[in-house]
Amino acid sequence: MEKTTSVYGRPEYFENRELSWIKFDRRVLNEARDKSIPLLERLKFISITSSNLDEFYMVRVASLRDMEHAGVKKEDIAGLNATKQLARINEDVRELVNLQYSTYNRSLLPLLNQENIFIVDEYEKLTGAQAAFVDKYFENEVYPVLTPMAVDSGRPFPLIRNKSLNIAAIIESKGGLLQEHKEGKTDKVAFATVQVPSGMARLVPLPTENPQEKAFILLEQIIEKNIDKLFSNYKVICAYPYRIMRNADFSIDEDEAPDLLKEIQKQLKKRQRGEVIRLEVEDGIDKKLLAFIKDELHIEKKEDIFYINGPIDFTFLMKLYGLEGCDHLRYAPHTPQPVPEIMPGEDIFASIRKGDILLHHPYQSFSPVIQLIRQAANDDETLAIKMTLYRVSGNSPIIASLAQAAENGKQVSVLVELKARFDEQNNIEWAKMLEKAGCHVIYGIVGLKTHSKIALVVRREEEGIRRYVHLGTGNYNDSTAKLYTDCGILTCSEAMGEDATAVFNMLSGYSEPLSWNRLAVAPLWLRKKFMKLIQRETKYAREGKQAFIRAKMNSLCDQEIIEALYEASSAGVRIQLLVRGICCLKTGIKGVSENIHVRSIVGNFLEHSRIFDFCNDGNEEVYMGSADWMPRNLDRRVEIVFPVVDAELKKKALHILDVEFEDNVKAHILQADGTYEKIDKRGKVLINSQEIFCHEAELAIPKPEKVYQARVFVPAEPVDQES
């Protein structure tokens, strides 16, 4: 993409991508601070913020660190180079982490205690029976698993695995055996480290005298208290937990990699040896011990060290979320509803032939997508199945059906994206399994990630060859389909079928279609499509015609798109944006973005669907797809955006946007100063879009007709009366 030079390209008109992401994680944390949300749900959001932050450091911060090391001075769209971004990130993340732990310590822990749920944070608080249980648990369950690693002249500091929780200790020889330091000095003091086993439950249940109470202790506390048993000839002076984050971002020169699968497997191993970019230690750690850890891990900057006032790594709280007997502390679980157009037991091909079908997950079940592939795998008329797979579940029924289809003699072609970050190993295993079953597996396109969500089933029917297509905004993952909001369509439209065939020919070979019937595909055509649609609204506004844009996506950080939106706003186009995460666009800039309204919804489900609505002077055009308005989606990935053509389906898609833009419970509104604020709900009818969609999905299911049985009147038996 050529650098734009429009009047709307000034750095002060843009928010930095990384700082905007931190604001998103702050919005997630705000859910943990919301007193109206059930307690265990609030703990879940604390866990999510922790997991989010880990990935942010391993990828985004790591990338900036690489740029800094390489001396790259290039500035981002907000005018910040890598060094300035890292400084701002460090400042904002520290504020986020402090808020995270104050929320946990001051608010959530006391509330847990009120519910008779206790996380014992000090060994001294254990009862006699609990202390005895813990000692026995350590001896029987933990001790055999641990591998204590002393560090001296003959035993170098071990490799500390990325994201692993460890305990470092200063130990002193009881028998007068001296340890030799690197400088040639000797001392009775030595250092040691032990990894907390990741394969064991971190939250250990404790016995309680009161059956109404639930008590837990963290595994690292058990190890820390009993660490002297690991070093029997030494006295443990002190011991503290610590955790590191490594650079887990890797780049591959695909032109130079003769075997992409082997190259990615090799790069995955390097993740455990990447540069340490973040060190978390317990607040109050011994200075000498910290100096030793810093030296061995080659940590030079104090900015890379976080002193934690509480348990390091909150992801364990997700285990607490599933605590038995605590349903009152969680939302009632939502059961995805059947799709009315495809009732259980019906022939899915017959259902699709009746008309296009819109799917809305997780309010509606993901089962129709699974059913499409499963039925095709065992259908005598099916000739071929083609799919793209980006992320799938651990025990994917779709993978099983694809393998079954190949074994049944169908032609099965699957594009498995090996470069799906942090799912690489999982996808490698699926790819190998599919190949063994006889599927034709494609490992993506050189230089591009294939992020599109498309499935094609080709059948021979009485009328001839017919193609059935599924297009979606989310992954073919039956697990996340219960947690992420996504949309999809099922169609046997001839135009869509031709386009779907062209997509797979492009992915598997070198065929680039001259034109498309309906699909817009990145990286060659999609950017132009979106720019044309935005510029059309700008033109109509200047001509006094009806013009507006409504768009929902995960992230918005593409400079050319943002500048086009600024120009549209200046021309009078009303623009409503629903951006869950990163938003580099600023609102409220006089003469630039006064007509742009941005909101973000953070709720019980992760907002993931992409929906685009363009007024077109009253002849609305609605699109859905896999692409956000980001450079990577428009320029460096294979993405598909498709129109919602059917009038009834278009009405449903617009209804989704209508409700979400009216949400006043879970929506955060972007202010002109860059902050996000929730809507003042006083005196208003509460509109929680996710709850409304759950309710509507339930109401959409046809109720079984009541069967009335005819009443049968049976004469009573005569009763003998005594005289």
Side-chain angles (χ1 to χ4, degrees), residues 11 13-33 45-68 75-100 163 245 247-249 277-278 303-304 306 314-315 421-422 451 484 552-559 561-562 577-587 598-603 606-608 610 627-634 636-637 666-671 673-677:
Y13 290 169
F14 299 89
E15 171 72 279
N16 171 260
R17 169 190 169 140
E18 319 306 345
L19 301 180
S20 179
W21 182 91
I22 295 169
K23 290 178 181 179
F24 159 66
D25 212 30
R26 175 72 176 264
R27 295 196 292 278
V28 177
L29 181 58
N30 283 342
E31 294 299 291
R33 297 168 58 79
F45 282 110
I46 288 271
S47 175
I48 292 171
T49 62
S50 185
S51 178
N52 285 348
L53 203 54
D54 285 352
E55 184 170 337
F56 177 69
Y57 263 81
M58 288 189 293
V59 178
R60 300 304 307 174
V61 174
S63 177
L64 289 171
R65 185 66 60 83
D66 287 342
M67 291 173 65
E68 188 179 44
E75 296 180 345
D76 76 325
I77 59 176
L80 300 176
N81 62 26
T83 300
K84 290 180 180 178
Q85 289 182 64
L86 287 168
R88 292 280 303 276
I89 287 169
N90 183 67
E91 182 181 324
D92 287 6
V93 168
R94 288 186 182 280
E95 184 180 319
L96 177 70
V97 171
N98 289 338
L99 186 61
Q100 194 182 32
K163 295 203 298 181
M245 202 66 53
N247 184 335
D249 196 23
I277 54 176
R278 186 173 181 227
E303 291 83 2
D304 295 340
F306 284 73
F314 272 137
T315 55
R421 184 174 286 129
F422 300 121
H451 189 248
Y484 294 9
K552 177 187 178 183
M553 67 202 78
N554 295 328
S555 298
L556 168 59
C557 61
D558 185 83
Q559 181 172 355
I561 293 286
I562 293 173
L577 303 175
L578 181 56
V579 186
R580 185 197 76 214
I582 299 164
C583 181
C584 296
L585 176 149
K586 290 185 176 181
T587 60
V598 178
R599 57 172 45 207
S600 170
I601 291 178
V602 179
L606 180 83
E607 294 292 337
H608 192 251
R610 290 91 167 181
D628 293 312
W629 281 347
M630 303 177 74
R632 71 183 189 191
N633 297 101
L634 301 174
R636 300 190 299 277
R637 289 185 172 186
K666 294 299 181 181
H668 300 71
I669 309 301
L670 176 59
Q671 308 298 309
D673 63 359
T675 61
Y676 284 80
E677 293 183 6

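Atom set for the values below is all heavy atoms of this structure, side chains included, hydrogens, waters and symmetry mates excluded. Predicted, not measured: the structure shown is a model, and the values here were computed from it.
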Inset, instruction - Before giving the answer on side chain to side chain contact (heavy atoms under 4.5 Å, CB included), spell out for I48 and L606 the whole-Å C-alpha distance, their side-chain angles and the decisive distance to 0.1 Å. - result: CA-CA 11 Å; I48 292 171; L606 180 83; over 6 Å; no
Legend entry - side chain to side chain contact (heavy atoms under 4.5 Å, CB included) assessment of L577 paired with C583: CA-CA 10 Å; L577 303 175; C583 181; 5.7 Å; no
Are any non-hydrogen side-chain atoms of [X] and [Y] less than 4.5 angstrom apart?
X: L99; Y: R26; value: yes
X: F306; Y: N90; value: yes
X: I669; Y: R599; value: yes
X: K163; Y: M245; value: yes
X: V579; Y: L670; value: no
X: I89; Y: L19; value: yes
X: R60; Y: W21; value: no

Legend entry - Between S20 and E15, a side-chain donor and acceptor under 3.5 Å: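 Note: S20 and E15 side chains miss the donor-acceptor criterion.
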Legend entry - Contacts of type side chain to side chain donor-acceptor pair (under 3.5 Å), residue T587, not counting sequence neighbours: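 Not a single residue meets the side chain to side chain donor-acceptor pair (under 3.5 Å) criterion with T587.
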Legend entry - Residues in side chain to side chain donor-acceptor pair (under 3.5 Å) contact with S51, at least two apart in sequence or another chain: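 Once residues adjacent in sequence are excluded, S51 has no partner under the side chain to side chain donor-acceptor pair (under 3.5 Å) criterion.
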For [X], enumerate each residue passing the salt bridge (Lys or Arg N to Asp or Glu O under 4.0 Å) test, keeping only those at least two apart in sequence or located in another chain.
X: D304; result: R65
X: K552; result: E607, E660
X: R17; result: none

How many angstroms lie between [atom1] in [X] and [atom2] in [Y], if you round to the nearest 0.5 Å?
X: N633; Y: D628; atom1: CG; atom2: CG; answer: 5.0 Å
X: I561; Y: L556; atom1: CD1; atom2: CG; answer: 8.0 Å
X: I77; Y: D558; atom1: CD1; atom2: CG; answer: 8.0 Å
X: F56; Y: R278; atom1: CZ; atom2: CZ; answer: 10.0 Å
X: L53; Y: L96; atom1: CG; atom2: CG; answer: 6.0 Å
X: K23; Y: I582; atom1: NZ; atom2: CD1; answer: 12.5 Å

Legend entry - Residues which pass ring-ring contact (aromatic ring centres under 6.0 Å, His included) with H608, listed by chain and number, not counting sequence neighbours: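 By the ring-ring contact (aromatic ring centres under 6.0 Å, His included) rule, H608 matches Y484.
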Legend entry - N-O pairing of E303 and R94 below 4.0 Å: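 Looking at E303 and R94, the cut-off is not met.
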